[in-house]
There are 2 protein chains.
Amino acid sequence: METWKKFDADGLTHSATHHLLAIEELGRQYGGWARVSDIARHLGITRGSVSISLGPLKERGLVEVDEHRMVKLSPQAQTMVDEVLAKREALERFLSQVLGLTPEQASVDSCKIEHLISPRAAERLVQFMKFIAGGDPAARELVQRFRQYEGDCPTDGNCAVCQGKCLLARLAEVPGAG
Amino acid sequence: METWKKFDADGLTHSATHHLLAIEELGRQYGGWARVSDIARHLGITRGSVSISLGPLKERGLVEVDEHRMVKLSPQAQTMVDEVLAKREALERFLSQVLGLTPEQASVDSCKIEHLISPRAAERLVQFMKFIAGGDPAARELVQRFRQYEGDCPTDGNCAVCQGKCLLARLAEVPGAG
DNA sequence: AAAAAGTGTTTGACACATCAAACACTTGTA
DNA sequence: TACAAGTGTTTGATGTGTCAAACACTTTTT
């Protein structure tokens with residue numbers, strides 16, 4: 001009953017995560033270094049906002065600054081960003097390759113979700129994707145079948161999510177799971 | 001590059017969602033009616049905060065007020081809450097029954113994620129759970145196998161998420177998917 | 001009936017994330 | 001070289017979500 005308020009993983013807010021991510025992406029061309037202006041453009045916010053947001057990140061040792069005011073991720077921040085990207089990739093693949101969302105929708109959803117899922121969930125999701133994509137033909141075949149499946153449910157659909165296409169209320173437990 | 005800022009589904013913020021959810025839960029014993037104090041206790045915030053948060057929800061016609069200052073969800077809000085609960089349940093089941101998280105962790109994660117996933121992702125996730133839990137023995141057996149699977153990866157593990165237990169970078173595409 | 005406890009609201013404050021506008025400084029162009 | 005353009009910061013503002021404290025009102029207890 002108290003957990004719902006805690007919103008940031010590693011003390012990284014959604015906004016901060018995107019600032020670090022932007023530095024990572026922009027820095028690829030310049031040995032990790034990026035400019036405030038480019039970060040702002042990349043995120044679609046003003047230079048002033050970026051300047052302010054970067055303040056706490058510098059203080060926390062996540063962002064380093066040049067004498068030419070170029071900014072760069074600290075090793076610690078780089079690790080955090082790697083984790084974020086790994087989580088996001090696993091999510092994105094699950095959403096597109098298993099659930100069958102368009103790549104665009106999968107990308108949007110995974111961006112929003114990535115920084116909220118627990119490390120354990122991320123780990124298991126990665127393993128799930130390995131499991132599904134791995135050598136086992138049964139797993140691959142099953143995903144193929146699900147991609148065809150549209151879950152047309154013969155019952156009196158009143159599921160709020162799928163609006164008549166399914167009936168969540170009668171969703172059976174996975175036997176022996178949970 | 002612009003979507004990352006938009007954060008609320010249906011214009012319902014995370015906070016507003018929880019206020020509505022609290023009214024729904026507390027109202028079960030009193031024909032849908034709840035008190036500000038109880039909502040505050042339930043959410044672990046002050047009465048003042050609830051009072052203020054309820055203001056916009058009243059104006060938007062999502063929350064109705066009694067002459068005794070009891071509050072209740074409007075039909076529209078009830079529908080929204082039903083959707084949220086359905087999404088959350090599908091997520092929670094996926095996390096616990098498929099990925100094998102503890103029920104507690106599954107609950108926490110689904111609470112955080114629920115209001116961010118797109119309708120399409122929610123719909124497909126519900127269908128996925130139906131598919132998995134449905135009559136097909138192959139699907140059920142596969143989930144059982146995954147629950148055993150811990151994804152011990154023989155490669156030089158440098159995956160930031162699973163820290164050596166897997167290698168996300170070499171995660172294969174699901175053939176024919178995406 | 002009086003005192004105590006509880007309830008809902010309002011106020012002033014803070015943190016976060018954003019903006020526009022002004023400022024000082026650097027870079028690029030004419 | 002001078003002027004224009006671009007860059008990074010600062011300031012004052014807004015909106016959201018929270019707090020503590022004060023206030024008025026109602027309910028319960030004594």
Side-chain angles (χ1 to χ4, degrees), chain A residues 1-23 26-27 29-30 33-60 62-72 111-112 115-116, chain B residues 1-23 26-27 29-30 33-60 62-72 111-112 115-116:
Chain A
M1 295 291 170
E2 289 290 327
T3 52
W4 73 274
K5 278 187 287 180
K6 300 194 191 308
F7 221 97
D8 29 29
D10 301 328
L12 273 196
T13 63
H14 185 65
S15 173
T17 302
H18 277 275
H19 280 74
L20 298 184
L21 241 25
I23 296 174
L26 293 167
Q29 276 120 59
Y30 300 102
W33 295 100
R35 293 188 313 169
V36 168
S37 270
D38 294 327
I39 298 168
R41 231 186 317 274
H42 188 264
L43 295 178
I45 61 181
T46 64
R47 303 192 307 269
S49 296
V50 172
S51 184
I52 291 167
S53 296
L54 252 31
L57 295 175
K58 291 174 192 166
E59 279 176 16
R60 289 171 59 189
L62 295 176
V63 169
E64 292 160 8
V65 196
D66 212 339
E67 69 271 26
H68 304 309
R69 286 165 156 174
M70 299 290 277
V71 296
K72 183 184 195 175
C111 154
K112 292 186 181 178
H115 73 117
L116 293 178
Chain B
M1 297 287 171
E2 290 290 328
T3 51
W4 72 276
K5 277 188 286 181
K6 299 192 194 304
F7 221 96
D8 28 29
D10 300 327
L12 273 195
T13 63
H14 185 64
S15 174
T17 302
H18 277 276
H19 280 75
L20 299 185
L21 241 24
I23 296 174
L26 293 168
Q29 275 120 58
Y30 300 102
W33 296 99
R35 294 188 313 168
V36 168
S37 270
D38 294 327
I39 298 168
R41 232 187 317 272
H42 189 264
L43 295 178
I45 62 182
T46 64
R47 302 191 308 268
S49 296
V50 172
S51 184
I52 291 167
S53 296
L54 252 32
L57 295 176
K58 291 173 194 168
E59 279 177 15
R60 288 171 61 190
L62 296 177
V63 169
E64 293 160 6
V65 195
D66 213 337
E67 69 270 27
H68 304 308
R69 285 165 158 174
M70 300 290 277
V71 295
K72 183 183 195 174
C111 154
K112 292 186 180 178
H115 73 118
L116 293 177

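Because the structure is a prediction, the values reported are computed rather than measured. Throughout, a chain's letter reflects where its sequence line sits, starting with A, and its residues are numbered from 1.
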K.L.:
Determine yes or no for a side-chain-to-main-chain donor-acceptor pair under 3.5 angstrom, with A/Ser51 supplying the side chain and A/Arg47 the backbone.
P.N.:
no
K.L.:
Between D/dG8 atom P and A/Ile39 atom CD1, what is the distance in whole Å?
P.N.:
8 Å
K.L.:
If you apply the rule side-chain contact (heavy atoms from CB on, under 4.5 Å), what do you find for B/Arg41 with B/Arg35, and how did you get there?
P.N.:
CA-CA 10 Å; B/Arg41 232 187 317 272; B/Arg35 294 188 313 168; 4.1 Å; yes
K.L.:
Considering only side-chain heavy atoms of B/Ile52, which listed nucleotide, C/dT11, C/dT9, C/dT18, is closest?
P.N.:
C/dT11
K.L.:
What is the separation between atom CG on A/Leu20 and atom C1' on C/dA17, rounded to the nearest whole Å?
P.N.:
15 Å
K.L.:
Side chain of B/Ser49: nearest nucleotide among D/dC19, D/dT7, C/dC19?
P.N.:
D/dC19
K.L.:
Take the protein atom CZ of B/Arg47 and the nucleotide atom P of D/dA24, then report the distance between them rounded to whole Å.
P.N.:
15 Å
K.L.:
Contact class for B/Arg69 vs. all strands (heavy atom < 4.0 Å): base, sugar-phosphate, or nothing?
P.N.:
sugar-phosphate
K.L.:
Can you tell which of D/dT7, D/dT9, C/dC16 lies closest to the side chain of A/Thr13?
P.N.:
C/dC16
K.L.:
Please state how far atom CD in B/Glu59 lies from atom C1' in D/dG15, giving the value in whole angstrom units.
P.N.:
14 Å
K.L.:
May I have the distance from B/Ile45 (atom CD1) to C/dT9 (atom P), rounded to whole angstrom?
P.N.:
13 Å
K.L.:
As a test of reading the structure: which of C/dT7, C/dC19, C/dT11 is closest to the side chain of A/Thr46, going by heavy atoms?
P.N.:
C/dC19
K.L.:
Nearest whole Å is fine: how far is C/dG8 C1' from B/His19 NE2?
P.N.:
13 Å
K.L.:
Kindly indicate, with the supporting measurements, whether the criterion side-chain contact (heavy atoms from CB on, under 4.5 Å) is fulfilled by B/Leu12 and B/Leu62.
P.N.:
CA-CA 10 Å; B/Leu12 273 195; B/Leu62 296 177; 4.1 Å; yes
K.L.:
Check the distance between C/dG8's C1' and B/Ile23's CD1 and give it to me in whole angstrom.
P.N.:
14 Å
K.L.:
Does C/dT9 have OP1 or OP2 sitting under 4.0 Å from an N or O in the side chain of B/Lys58?
P.N.:
yes
K.L.:
Start at the 5' end of DNA chain C and walk down; is the nucleotide closest to A/His68 or to A/Ser53 reached first?
P.N.:
A/Ser53
K.L.:
Pick from A/Leu20, A/Val50, A/Ile45, A/Leu21: which one makes a side chain to side chain contact (heavy atoms under 4.5 Å, CB included) with A/Ile39?
P.N.:
A/Val50
K.L.:
Does a side-chain N or O from B/Ser37 land closer than 4.0 Å to OP1 or OP2 of C/dG8, or not?
P.N.:
yes
K.L.:
Distance from A/Ile23 atom CD1 to A/Met70 atom CE, nearest 0.5 Å?
P.N.:
11.0 Å
K.L.:
When the distance from CD of A/Glu67 to P of D/dT7 is rounded to whole Å, what number comes out?
P.N.:
19 Å
K.L.:
I want to verify a distance call: between D/dG8, C/dT9, C/dT11, whose nearest atom is closest to the B/Ser51 side chain?
P.N.:
C/dT9
